[in-house]
Amino acid sequence: MTEQPVVRLRGVSKLYGATRALDDVSLDIAPGTIVGVLGPNGSGKTTLLGHLPGLILPTSGTVETFGVPAARLGDAELARIGYVSQEPRLPEWLTVGETIEFVRAGRDSWDGALAGRLLADFELDPARSVGALSPGLRQRLAILVAVAPRPDLLVLDEPAASLDPVARHDFLRLLMELIQDQGRTILISSHVLSDVEKVVDTVLVINRGQVHCHQPLDDLRETYHRVDVMAVGADLPDPLPLPGLLTVSGDRRRAMAVCGHVPRQQVEAAARVLGFEAKVRGLEFEEIYRLIATSDGRKV
Amino acid sequence: MSAMGLDRRLLMPRPGRLAVRLSFGVAFPLVVTVVATARSGSATLAWFGALFVVAQVALAVTLTHKELIAAGPSFFQPGLRKRMAVAQATWALGMAVAAAALVGALLPGSGGANALSLLGAFVGMYAFMALLTLRLSWAYQLPYWIYYPWFLFSGANDLARPGRMDPYLDAPWAWLAVGALLLLGLMRVLTGAGLHRRLHGTMVLGTEDLFHAKRLQAHRQERMAHGRPGRGPAWRRNLFAAELLRASRAATGGGAAVAHRHRLFAMGVVAAISARTWVLTVIAAVASASLVIFGYLDSLGPIPSLDRWFAGLMYTAAAWPYWGLGVYVFAAPADVSRRTALRAECGLLARLTLLALASAVALALVFAILAAVLPPVTWNGQVVTFVAARPHGIWLVPLLAPLAWLALALRPSPNGLWSGIAAGPLFIVGHALLTVVPYRYSTPLLVVASLVALVIAYRLRRRWWERADIGY
C-alpha cells in the first residue's frame, strides 16, 4: 500500500491581484522526506511554504496537510507543524524564557532537553527581552521554539538567512540530528546551496510560480553530466549528437557539453559510438540548479 | 507554563502595558462621567459614560490580544484560540457587570434604567469594539478617535436630559439579544482560523505607539509594502504616476530638490490615500453626512455665530496635509544630499500650504451651496436652520502652516503621526480663541506668531538635516 503523503497539492494557483505567485502546482511530499525548496527571489517559495500550514489559502486548487484540507487544520494537526519564517515575529514584550514557556504550554511532545541544549548552543539568555534581541538571535529563538516540540512537519523558510557562519553551522548540525528521527518531514528553502546540498534528499525548484523540478537529489546528480569532448581525426559534428544535450561551448576540435535527463552510461555509450574522445563527469549541484532554474518554464 | 498559567496570561495580557492603555482611555472619561452624572442626575449620561469606558477597556484588552495573535508561534499553539475567546468573554461579561454597578452606584436604581438593558448594551459594546479592533489595522488609533463621538454626545444637552433615553433603555430583551449576538460573533471570529491567518506575522501597534515614530514608520511601510502604488481608483493611480513623471522631468532638468519633492508627494499619495475604493467611499459618505449634520448642529449651540463645527471641519480638512508632512518626509528614502532634502521639505511645505488653503476654500464653498439648498428642518419640536458659515478664517489657514511645521520640528527624532493628529484639535482650539478675540487684534497676532514659528522651524529643521543620524 502506498504511504499517504504528508502534503498534497493539486492544481494550486495563488494570485495577488494580477500577480500569479503560484501557477497550477501539483505535488506530493512523502513522509520522512527532506525537501530543499529552491528558486530565485520572487519565484513563489514563501507562498508555497505558507500554503502548507494554511497560513495562505490558494486562489484555486487544493492543499492537504496530514490528509486534512490546509484551511481546516485543527489544533491537533497544527501542533504537529513547526514553522520558521524569513523574519519571524515573536512576542517582543516577553523574555526569551517566557517565550519558550508560552510555546511549551499545551505541547505534549515538547523536548525539554533539546530546548535546553539549543538555548546554550544558540547563546540565548532566558532573562533577555525578545524585543532587545538582534535579528540573528531572534531567528535562533524562532528555530528553537519551532524545533523543540519535535514536529512531524517542519517548514523552514530561509531559516539561516540572518544567522552568522557559526550559528548556521550549529543549525545545520541540528537539522542533521532532526533528520535522524524517522518519519519527520522537513521542507527548507534557502539560497545557500551548499547548505541545502548537505541536508536534503529531494530538490524542488520553483520559478515564476511553477515547479520546474521535483526530484531526489541523487537522481539529479545521476542524470546531469558535463562531457569534455575532443576530436580524433575529423572535426566534431555540429550539433553534437549527444543524448540530452543542453549546452555546448568550445570549437570544432574541443568542446564542453552539458547533458541532462539521461543516465551517465547512455552518454558514455553515445560518445564511444561517435568515435571521439569524451570524458563524462558529474555536475556540481550549483550548476545543476542553475540549469533547472533558468530553463524558462520547461519542466524537468 | 501550565495551561492555567496560560489562561492567567490571557486574562491579564501584558499587565503593565494594559494599565498604560487603560489610563489613556478610562481615567478621564470616568471622572467626567461621575461629575457630570452627579450634577445632572441623568441616567443617559451615566449610561453613555459607562459605555465609553467599556469601549476603551475593550480596545485596550483586545489590542493586547491582537499582538499575541500576530506573534508567529501563536498560530500553531494548541488551544490558544479557545482560551483567548474565553478570556475575551470573561472581560466582556465582567466589564458589563462592573459598568452596570457603576451606573447603579452613580444613580439610585440606575436612574430608572433597566438593569438587563444595561448589561446587554455593555456586553454588545465590548464585543463590537473588540471586533473592530481585530478587524482594523489602524485600531491603535481608535482609543483616540472615539473621544470625538463621546465629546459630541456629552455636548448634546437634549440627549443627555434626564429621562430622554428611557424608552430606549426599557427594552431589555432587545439589548440582551444584540449583546449576545455580538458576543457570539466575537467568539466565532476568535476561534476561527481566518483572523489568526490574517494577523499572523503582522505588526500590531498599541495606542502608545502614536508616540513611537520608528514603529509608526515601520507599520506604515509594512502596510505600503503590499504594493499599493498601482492599485486603487484611477484618479489615485494617475496622481501617483503624474507626480513620478514630474519627478523624472525635474531630475532630467537638474532640479534635484524639485524632483525629490515630487517623489515625496507621490509617496504621500500612496501613504495618505487608501487604495481600497470602499474605504474612500465610506470616508466620503461620513464627511458628507458630517457636513450636513454639523451645519444644522451649529445653530443649536449657545453661540451660533461662532460656527464651531464649520471651523472644526474646515481646520481639520486644512490640517490633513500636515499629517503627511509628519510621516512621509521622514519615511522617504533619501538618495539625495541633506541640503537637497531640506530644500525639498521646504518646497513640500509650500505646496501643502497651498493645498490646505484650497481645501479650506472648497469647504467654505460647499457650505455656502448647502446653506442655499438645504431647507430648515423640525427636530424635537424645534426649527433648525443650516447655518451658512461665514468664510472668515480662511486667510488664517496658511498662517497656521509654520506653526504645524514648528510642531514637527520640535520633535527631536523623526516624527510620528502624533504631531499630525494633534494639529486638527489644536487648530480648532486656536480658531476658537481667534474668534473670541476681535480680528483686528487676532490677525496681526497670528501673523507675528506665524513668522516667528517659520524662522524657528526652519532653523531647527536645517540643524536636524545637518546633524541628525538618518536611519536609512
Side-chain angles (χ1 to χ4, degrees), chain A residues 16-19 46 50-51 53-57 69-94 97-110 130-131 138-139 141-149 151 153-155 157, chain B residues 1-10 13-18 20 63-83 191-194 196-206 208-209 212 214-215 218-219 222 225-232 275:
Chain A
Y16 293 113
T19 309
T46 298
H51 274 81
L55 285 169
I56 300 173
L57 298 183
R72 293 209 296 271
L73 289 173
D75 277 351
E77 290 86 21
L78 286 172
R80 294 171 66 194
I81 302 174
Y83 181 85
V84 179
S85 62
Q86 287 178 54
E87 291 171 13
R89 195 170 295 285
L90 297 164
E92 292 178 8
W93 61 94
L94 297 181
E98 286 170 335
T99 304
I100 293 171
E101 286 295 297
F102 170 70
V103 178
R104 194 173 68 109
R107 300 270 187 145
D108 299 332
S109 59
W110 183 266
V130 172
R138 211 172 284 203
Q139 189 80 351
L141 179 59
I143 291 168
L144 187 156
V145 295
V147 162
L153 172 63
L154 188 55
V155 181
D157 186 7
Chain B
M1 187 188 295
S2 65
M4 204 181 283
L6 181 61
D7 286 339
R8 267 203 306 274
R9 193 177 281 281
L10 288 172
R14 304 188 71 181
R17 193 52 61 95
L18 194 59
V20 170
L63 263 180
T64 319
H65 277 158
K66 194 175 173 183
E67 286 174 319
L68 196 61
I69 294 171
S74 299
F75 187 83
F76 303 92
Q77 199 65 14
L80 184 75
R81 297 172 194 178
K82 281 180 190 150
R83 288 173 195 280
T191 50
H196 299 262
R197 186 178 295 125
R198 183 169 57 78
L199 290 178
H200 177 263
T202 57
M203 188 177 186
V204 175
L205 295 187
E208 70 286 353
D209 284 319
H212 291 172
K214 280 189 176 169
R215 279 179 62 78
H219 185 253
E222 188 183 275
H226 295 289
R228 294 273 153 68
R231 297 177 61 192

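Here is how names work: the chains are called A, B, and so on, in the same order as the sequence lines, proteins then strands, and each is numbered from 1.
Both the backbone and the side chain of Ala71(A) come within less than 4.5 Å of a heavy atom of chain B. Using a 4.5 Å cut-off between heavy atoms, Glu92(A) contacts chain B through its side chain alone, with no backbone atom that close. Contacts of Val145(A) with chain B are made by side-chain atoms alone, with heavy-atom separations under 4.5 Å and no backbone atom involved. Using a 4.5 Å cut-off between heavy atoms, Pro88(A) makes no contact with chain B at all. Interface remark: Pro53(A) contributes backbone and side-chain atoms alike to the contact with chain B (heavy atom separation under 4.5 Å).
Comparing His196(B), Arg17(B), Arg197(B), Glu67(B) by heavy-atom pairs within less than 4.5 Å of chain A, the highest count is held by Arg197(B). Between chain A and the residues Gly194(B), Gly201(B), Pro78(B), the largest count of heavy-atom pairs under 4.5 Å involves Pro78(B).
Annotation: the span from Arg107(A) atom CZ to Gln77(B) atom CD amounts to 5.0 Å, rounded to 0.5 Å. Between Ile81(A) atom CD1 and Phe75(B) atom CZ the span is 8.0 Å, to the nearest 0.5 Å. Considering NE2 of His200(B) and CD1 of Ile56(A), their distance stands at 10.0 Å, rounded to 0.5 Å. Between the CG atom of Leu94(A) and the CZ atom of Arg9(B) there is a distance of 5.0 Å, given to the nearest 0.5 Å.
When all heavy atoms are compared, the tightest approach of Leu78(A) to Arg81(B) is CD1-NH2, 3.6 Å. Closest heavy-atom contact between Gly79(B) and Asp75(A): N-OD2, 2.8 Å.
Under the 4.5 Å side-chain criterion, counting only non-hydrogen atoms from C-beta, Phe76(B) is not in contact with Leu73(A).
Although no hydrogens or angles enter the test, the distance criterion places no donor-acceptor pair under 3.5 Å between the side chain of Arg89(A) and the main chain of Ala70(B).
No more than 12 heavy atoms of other residues, nucleotides or ligands sit less than 6.0 Å from atom CZ of Arg72(A).
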